[in-house]
Amino acid sequence: MRLLFATTNANKVREVRPVLANLPIELLTLQDVSPVEEPEETGRTFWENARLKALFYAAASGETVIAEDSGLVIPALGGAPGVHSARFLGANVPYETRFAEIFRRLAPFGERRPNASFVTAICLARGAEILFEAETAIDGVIASAPAGHNGFGYDPIFYYPPLKKTTGELTIEEKIWVSHRARAFRDFARWYGVTRSPRRHEDTKSKKFRYCV
Ligand code: ITT
């Protein structure tokens, strides 16, 4: 199957490609199809934005499309930066400035490290039909200071207690192992493995399948 991963973020592709490597899927990216303008991400939830992107690119490309929306959620900040993670404080603001602002807003919490989650919603669409959706999250805390130069985005300030380091300090293999995104795509891979099976296919009344963690 040809599958277009509709993202402009190369880091997302780097985490996802190995997860799908053993499936009979030819993974395309936006570089492999005619360029279109990005849709505006107007959703209020990760689900809504993942759907919006998947349906937009499916209509624009005619391909089967998987899209994802993700971000850092800090409950102590009312969920910010949340769905605005990519454009928190402005689209082109450096992450160092964003980190400083997050630390400033978290100052009233003192030494206590506030909880945080990385959340991913993914959506698979063909034409106007949604075939699969999933949402996954990993939990951690905000680090006391940025650490690590690996990964991207908010990785340097997301401390992951099970590995005792920020996700910015993880190797790519470790990041793929723990990543919220890789978890969502592993769910997709499991679903894809099951629905491709003819036996299960006969048993399934609808090809539509929703899986929410
Ligand atoms: P596309 O919409 O084209 O996929 P994008 O980067 O704009 O690319 P999102 O709208 O989903 O994607 O925003 C995701 C942002 O959330 C991302 O740019 C980072 O700032 C942050 N983010 C998501 N996953 C992350 C991760 O694993 N590590 C660090 N930051 C992450």
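Read the numbers this way: they start at 1 and go in the same order the structure lists the ligands and their atoms. On a predicted model such as this, the values are computed, not experimentally measured, just so you know.
In this structure, D32 contributes its side chain and T29 its backbone to a donor-acceptor pair below 3.5 Å. Side-chain atoms of R126 do not come within 3.5 Å of backbone N or O of A58 as any donor-acceptor pair.
The structure places CE of M1 at 4.5 Å from OH of Y192, a figure rounded to the nearest 0.5 Å. For the atom pair CG of L27 and CZ of F185, the computed distance is 8.0 Å after rounding to the nearest 0.5 Å. Between atom CD of residue E68 and atom CG of residue N9 there is a gap of 7.5 Å, rounded to the nearest 0.5 Å.
Protein neighbours of ligand 1 below 4.0 Å, counting non-hydrogen atoms: T7, T8, N9, K12, E41, K53, E68, D69, S70, G71, S85, A86, Y95, F118, F152, G153, Y154, D155, K175, H180, R181.
Here the closest non-hydrogen pair linking N49 and E41 is OD1-C, 3.5 Å.
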